[in-house]
Amino acid sequence: MEDQFTIRFERTGGFTGIGIDKTIDSLQLKKQETKMLKEMISNSHFFSLPARESMKPHPDRFSYKITIETRGRKHVVEFSQASVPPRLKDLVRYLIEKTRMKK
Amino acid sequence: MTAPHQSVMCVIPPYMIENILKHGTQIQKKRALKALTMSAQFRGRRQALMNISFPLPRILQPLKHRLIYHAGFKESIRGRLVRKEGEGPSGDPAIDEAYDGAGHTWDLYYDVFGRNSVDNKGMHLVSLVHYGKGYDNAFWDGEKMVYGDGDEDLPEEERIFRRFTIAVDIIGHELTHGVTQYEARLEYHGQSGALNESFSDIFGSLVKQRVLNHTATEADWLIGQGIFTSNVNGKAIRSMKSPGTAYDDPLLGKDPQPGHMADYIKTTSDNGGVHLNSGIPSRAFYICADEIGGYAWEKAGQIWYRALCGRLSAGTDFQEAADIIFRIAGEEYGNGSKEQDAVKKGWEEVGISIRSDKKKSI
Ligand SMILES: [Zn+2]
């Protein structure tokens with residue numbers, strides 16, 4: 001895993017239909033946070049995950065899409081809140097908290 | 001009791017049902033009651049049942065059964081039972097709103113449409129509250145309703161959402177996903193998905209209108225009123241009367257719902273924009289109900305309920321739904337009736353012309 005990367009996190013659906021679409025750039029993070037994220041991404045084997053986990057739609061559940069780009073590599077993974085790939089649980093928890101809408 | 005027996009329209013004459021219920025075998029009694037319930041559903045008159053001048057066997061009378069669980073602020077589908085049917089208020093608004101809202105929804109379905117719970121077989125109404133931390137959502141998981149607390153964990157000035165039990169129409173919306181699951185089974189993507197969403201908003205709003213005793217004209221037709229904190233410039237999540245006007249906020253943007261086919265949103269997000277394009281059929285319902293006048297659940301609600309239960313199918317799109325609903329209005333109130341004209345007007349004003357090909361029957 002490279003030191004420089006971007007993570008785009010998109011949330012759609014849910015009862016409100018109000019989405020989230022945010023990009024996290026490693027250059028804008030503190031060293032410690034970058035290190036932690038790199039570990040999470042490596043541990044999840046993100047780049048070898050299937051692009052689409054079972055997307056059987058569930059009423060009002062959130063759908064998530066994660067795009068990670070690093071030098072020469074790009075991978076996209078999509079899944080429903082009802083079927084978060086177990087290996088992605090930590091990363092998803094981090095991204096939800098990090099991108100949470102606040103006033 | 002003085003009400004006439006003729007108000008029950010069924011194949012078996014009421015006096016015969018009375019006799020069966022008094023003297024028949026268990027199976028005969030069950031069948032007789034089913035015939036009675038079905039005819040009551042057909043006309044949407046629970047009154048029909050109430051007017052029968054003999055005691056129905058208590059065991060066969062539908063009863064609501066609510067169970068409220070506390071998820072302990074975890075995103076876990078299990079929880080601790082905190083209130084069950086017949087118990088008094090707990091003092092926790094999320095628990096008590098989930099309990100009362102499920103009750104109001106059960107009442108609408110039973111009193112108006114003769115439906116015995118989500119599956120029409122007396123299914124228990126299970127709710128799970130305090131789901132997750134900072135969880136800005138409510139959903140139907142196939143068996144129960146699940147509600148988050150919104151941003152109640154944040155400092156007040158940062159909050160956007162309040163708890164998701166706060167609006168009774170949200171509860172009606174989620175339970176209606178259950179009804180749809182047992183009836184039309186509308187696939188949750190594209191136009192059938194937007195119809196699925198629209199039925200949930202329609203019956204959710206009818207629950208609220210009935211609680212408030214509002215006519216179609218008096219009703220606000222808002223979905224999720226009160227869910228936004230005062231930090232947000234918005235009155236609700238959606239407006240069935242005027243899609244696209246529920247909120248307009250610097251952080252959240254403007255309510256993106258279309259109210260006309262000309263503005264239909266083509267997207268792959270949100271299962272093809274099911275929460276967006278639902279504005280179109282929802283507005284058709286509003287226009288129809290407002291045109292008919294009176295309480296929206298009495299006629300427009302009845303027509304749409306009949307469409308949901310028995311006529312629409314998994315892949316139905318807007319055009320097919322409009323045509324079927326138009327035909328149902330004709331069957332119920334007569335071709336060319338005021339009610340059928342109102343249905344036609346509703347769909348036409350959102351850009352869908354009825355294809356009234358009489359040979360094509362569904
Ligand atoms: Zn929904």
Side-chain angles (χ1 to χ4, degrees), chain A residues 7-24 33 40 44 50-68 74-103, chain B residues 75 132-142 145-148 151 154-161 164 170 173-174 176-178 180-181 187-189 193 196-197 200 223-224 227-229 231-232 237-238 247 249-253 255-257 267-276 278:
Chain A
I7 307 176
R8 183 175 175 190
F9 182 66
E10 293 165 82
R11 186 195 81 184
T12 59
F15 168 82
T16 68
I18 297 171
I20 289 177
D21 183 353
K22 283 190 183 163
T23 300
I24 295 162
E33 202 171 355
M40 269 191 224
S44 71
R52 276 179 159 252
E53 288 290 328
S54 145
M55 285 289 280
K56 186 178 174 287
H58 295 78
D60 299 335
R61 287 285 184 110
F62 290 130
S63 293
Y64 298 116
K65 186 173 172 182
I66 301 175
T67 308
I68 301 184
K74 180 181 172 181
H75 190 57
V76 187
V77 176
E78 280 182 83
F79 49 91
S80 158
Q81 188 216 343
S83 56
V84 180
R87 285 190 284 162
L88 277 184
K89 286 228 158 86
D90 289 344
L91 182 63
V92 169
R93 199 173 301 127
Y94 165 86
L95 290 171
I96 288 171
E97 192 50 43
K98 184 84 183 167
T99 62
R100 185 170 176 189
M101 283 190 295
K102 288 173 193 169
K103 274 284 175 176
Chain B
E75 287 192 24
K133 234 175 121 187
Y135 190 70
D136 294 336
N137 198 16
F139 62 89
W140 168 258
D141 82 344
M145 300 151 271
V146 183
Y147 303 99
D151 299 321
L154 290 177
E156 251 178 68
E157 64 277 12
E158 293 183 1
R159 294 179 191 170
I160 296 169
F161 295 104
F164 276 69
I170 299 181
H173 176 109
E174 296 310 335
T176 300
H177 278 311
T180 302
Q181 177 186 312
E187 285 168 12
Y188 203 66
H189 58 82
N196 189 322
E197 270 303 308
S200 273
I223 298 298
I227 191 96
F228 286 132
T229 64
N231 300 328
V232 176
I237 300 292
R238 291 182 280 276
Y247 60 89
D249 180 81
L251 180 67
L252 301 177
D255 172 7
Q257 271 212 314
T267 172
T268 52
S269 293
D270 186 25
N271 298 305
V274 295
H275 292 90
L276 302 177
S278 59

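In what follows, every heavy atom counts, from backbone to side chain, and hydrogens, waters and symmetry copies are set aside. Chain identifiers are assigned alphabetically (A, B, ...) following the order of the sequence lines, protein sequences preceding nucleic acid strands; residue numbering begins at 1 within each chain.
Only the side chain of B:R238 comes within less than 4.5 Å of a heavy atom of chain A; its backbone N, CA, C and O stay farther away. The part of A:Q81 that comes within reach of chain B is its side chain, from C-beta onward, which places non-hydrogen atoms under 4.5 angstrom from that chain. Interface remark: B:Y135 contributes side-chain atoms only to the contact with chain A (heavy atom separation under 4.5 Å). Residue B:Q181 does not touch chain A at all, counting heavy-atom pairs closer than 4.5 Å. Contacts of B:E174 with chain A are made by side-chain atoms alone, with heavy-atom separations under 4.5 Å and no backbone atom involved. When heavy atoms are compared at a cutoff of 4.5 Å, B:I223 approaches chain A solely by way of its side chain, counted from C-beta outward. Of the two parts of B:E75, only the side chain, counted from C-beta on, holds a non-hydrogen atom closer than 4.5 Å to a non-hydrogen atom of chain A.
Side-chain N/O atoms of B:E197 and B:H173 include a donor and acceptor closer than 3.5 Å. Looking only at atom types and distance, the side chain of B:H177 has a donor-acceptor partner in the side chain of B:N196 under 3.5 Å away.
Heavy-atom pairs under 4.5 Å with chain A peak, among B:P250, B:G134, B:G224, at B:G134. Of the residues considered (B:N137, B:D270, B:I237), B:N137 shows the highest number of contacts with chain A, using heavy-atom pairs under 4.5 Å.
Considering every non-hydrogen atom in both B:I170 and B:A138, the closest pair reads CG2-CB, 4.1 Å.
A 4.5 Å side-chain heavy-atom check between A:M101 and A:I18 finds at least one atom pair inside the cut-off.
Rounding to the nearest 0.5 Å gives a distance of 11.5 Å between OG1 of A:T23 and CZ of A:F9.
The 12-atom threshold is not exceeded at CD of B:E156, counting heavy atoms of other residues, nucleotides or ligands nearer than 6.0 Å. Within a 6.0 Å radius of NZ in A:K74, other residues, nucleotides and ligands contribute 12 heavy atoms or fewer.
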